[in-house]
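Quick caveat: nothing in here was measured; it's all calculated off a predicted structure.
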Amino acid sequence: MAKNQSLVQEQTLKQRQALEQQRLLGQVLEKSDAEMAEFIDNKVNEIQALEKKSDDDENYNEENGQEKEKHSERQGNDETIGADSGDDDTMAWYRYFANNRSLDDEYHGPTAVSEKTMQEALLDQLGELELDETQQVIAQTIVGNLEDTGYLRRSATEIADDVTFNDGYYVDATQVEEMIDVVQTLDPAGIGARDVRECILLQLKRKQHSRDVDIATEIVEKYFDELVNMRLDTIARKMGLDKGKVEDAVKNHIRRGIYPYPGNTFTSRADTIQQVTPDFDVELDEENERLTVTLRNNIPALQISESYAMQNERYKQAGSQLTVKEAKEKKQIQDAYQRASMFIEVLKQRQDTLFKTMSAIVKCQRDYFMSGDERDLKPLGQQQIADMIGKDVSVVSRAVSNKYVQMPWGIKSLRSFFSEGINGASRHEVYDDLKRLVDGEDKAHPLSDDALCERLKAMGYVLERRTVAKYRDQLKIPSSTIRRKMAR
């Protein structure tokens with residue numbers, strides 16, 4: 001009976017550890033390099049058994065463990081190639097710098113890259129949604145009324161009046177409220193909030209469900225005034241919780257990882273330059289028509305401290321003959337050792353998942369990576385990549401978030417490689433052909449949206465007129481009436 005109970009407890013513990021590992025992996029996957037640096041520093045301070053490798057550690061490895069390290073790196077590369085390339089020889093080889101840092105690793109600093117404005121990014125996301133014409137106009141008007149911080153300060157009634165009188169669509173405040181809810185589902189989380197409280201709640205709603213997240217949500221929903229004044233004792237008493245629980249929820253889920261001004265993650269003008277650190281390099285060998293994918297390693301190498309490793313080993317060999325004090329110390333040592341080991345393993349899983357995701361994108365978009373011509377981008381969904389690497393689509397979504405790749409012709413975000421298909425073509429191709437039609441039109445008699453729709457149908461694109469109008473707006477091409485006036 002005792003043996004069965006012990007077995008159940010062991011299985012329960014393993015399940016909890018597996019869930020915690022998955023939760024942690026989800027967190028680190030969606031973080032950028034800058035966020036990872038702070039996250040790792042916090043973990044090193046939090047987990048006593050965890051430490052960064054020092055230069056002395058690296059020098060020791062170089063002098064005394066060189067052959068072992070080389071073998072480890074070679075094995076890692078062989079396994080990665082075998083897992084990713086299979087029988088497909090379109091990708092000739094990969095370089096994978098992920099498992100450990102070494103003395104000759106190159107650190108990659110931020111690179112200047114032009115980014116979209118908040119409005120442009122949000123309109124692109126709206127274009128992916130199945131909205132009717134009226135809904136699109138309302139949503140676009142809402143986006144146009146957002147402050148640079150991402151907040152919506154105008155009321156639903158005022159926006160309804162704008163749409164009715166300026167755009168000719170009779171709508172009411174209820175319809176606007178429905179579309180505000182839609183805009184608030186766009187990235188980044190918190191966009192379209194009416195105040196700080198709603199902004200925090202929108203971001204908490206996107207977090208992975210846990211008891212601490214539930215506590216944080218309840219605090220913001222019911223005790224926001226007390227939270228603003230940091231009256232945590234009062235909150236704990238009203239919620240019937242230990243103050244430590246409230247402090248942990250506030251610290252880990254409200255003060256950290258929440259952006260009170262989500263719009264600040266975007267540039268305020270289209271020509272503003274933002275500093276980003278590419279996570280990948282894709283190099284082209286034109287002579288041999290080969291592509292090389294490299295995952296940059298800007299993450300510091302971590303290890304379990306020698307003292308904890310020795311104590312853990314000593315207690316493993318000590319058996320069950322321990323005093324009460326030794327048993328307590330053994331549990332503390334083992335818990336810290338386990339948490340440190342798990343975090344190191346999660347970082348390895350992060351790097352492996354990122355590398356596999358980028359490799360799969362390159363395989364699917366090989367023509368583009370060979371030419372640099374956006375017309376060679378194919379329709380690609382995140383589910384397709386998820387199927388290729390054997391992961392859930394939510395993993396891919398996190399893996400491509402805030403990630404960039406450096407190519408011979410510039411830097412591109414990983415999200416930009418995904419788009420819906422239109423009759424076997426990508427939206428980039430439709431955009432190009434639409435621009436060509438407008439550029440080649442008679443400026444005195446510009447093409448209406450209906451005419452553009454017919455011309456595109458003749459080219460093989462089966463599109464609705466409202467979709468053509470939406471794409472025209474996204475390309476910032478004025479209506480035919482305005483183009484006619486501009487030509488005079």
*Asks:* Below 4.0 angstrom, N of the basic side chain to O of the carboxylate: do E218 and K222 qualify?
*Replies:* yes
*Asks:* When you measure from the side chain of R465 to the backbone N and O of L452, does any donor-acceptor pair fall under 3.5 Å?
*Replies:* no
*Asks:* Using a distance-only test with no angle check, is there a side-chain donor-acceptor pair under 3.5 angstrom linking D392 and S394?
*Replies:* yes
*Asks:* Can you tell me how far CE of M179 sits from OG1 of T134, rounded to the nearest 0.5 angstrom?
*Replies:* 10.0 Å
*Asks:* Side chain to side chain contact (heavy atoms under 4.5 Å, CB included) with L447: which of E454, E441, R472?
*Replies:* E441
*Asks:* Which heavy atom in N402 sits nearest to a heavy atom in E30, and how many Å separate them?
*Replies:* ND2-O, 3.8 Å
*Asks:* Quick one, L295 and M358 - any side-chain contact, counting heavy atoms below 4.5 Å?
*Replies:* no
*Asks:* Would you indicate whether the side-chain heavy atoms of D248 and I215 approach each other to under 4.5 Å?
*Replies:* no
*Asks:* Give, for atom CD1 of I159 and atom OG1 of T141, the distance between the pair rounded to the nearest 0.5 Å.
*Replies:* 8.0 Å
*Asks:* Does a side-chain heavy-atom distance below 4.5 Å link R206 with Q203?
*Replies:* no
*Asks:* Taking Q382 for its side chain and F418 for its backbone only, find out whether a donor-acceptor pair lies under 3.5 Å.
*Replies:* no
*Asks:* List in chain and number order the residues that pass salt bridge (charged side-chain N to carboxylate O under 4.0 Å, His left out) with D387, two or more places apart in sequence or in another chain; answer none if no residue qualifies.
*Replies:* none
*Asks:* Nearest 0.5 Å, please: how far is CD in Q351 from CG in L29?
*Replies:* 9.5 Å
*Asks:* Any Lys/Arg nitrogen of K52 or D41 sitting under 4.0 Å from an Asp/Glu carboxylate oxygen of the other?
*Replies:* yes
*Asks:* Looking at side-chain heavy atoms only, is the closest gap between K356 and T353 below 4.5 Å?
*Replies:* no
*Asks:* First locate atom CD of E178, then atom CG of D172, and finally report the distance between them rounded to the nearest 0.5 Å.
*Replies:* 8.0 Å
*Asks:* Pairs under 3.5 angstrom only: tabulate donor-acceptor contacts from the side chains of residues 190-199 to other protein residues two or more places apart or in another chain.
*Replies:*
from, atom 1, to, atom 2, distance (Å)
R194, NE, E198, OE1, 2.9
R194, NH2, E198, OE2, 3.2
D195, OD1, R197, N, 3.2
D195, OD1, E198, N, 2.8
R197, NE, V220, O, 3.1
R197, NH2, E221, O, 2.8
E198, OE1, R194, N, 2.7
E198, OE2, Q184, NE2, 3.3

*Asks:* Can we say K31 and E38 salt-bridge, meaning some charged N sits less than 4.0 Å from an Asp/Glu carboxylate O?
*Replies:* no
*Asks:* Within the structure provided, determine whether V163 and Q175 are in side-chain contact (heavy-atom separation under 4.5 Å).
*Replies:* no
*Asks:* Going from NZ on K435 to CD1 on I477, what distance comes out if it is rounded to the nearest 0.5 angstrom?
*Replies:* 7.5 Å
*Asks:* Taking the basic N atoms (NZ, or NE/NH1/NH2) and the acidic carboxylate oxygens, is any pair closer than 4.0 Å for R23 and E20?
*Replies:* yes
*Asks:* Any side-chain heavy atom of L24 within less than 4.5 Å of one from K43?
*Replies:* yes
*Asks:* Could you tell me whether the side chain of K403 and the main chain of S401 form a donor-acceptor pair under 3.5 Å?
*Replies:* yes
*Asks:* Which distance, rounded to the nearest 0.5 Å, do you find between the CG of D281 and the OG1 of T292?
*Replies:* 10.0 Å
*Asks:* Assess the residue pair S210 and D212 against the criterion (side chain to side chain donor-acceptor pair (under 3.5 Å)); give the C-alpha distance rounded to whole Å, side-chain angles, the decisive distance to 0.1 Å, and a yes or no.
*Replies:* CA-CA 5 Å; S210 70; D212 280 353; 5.7 Å; no
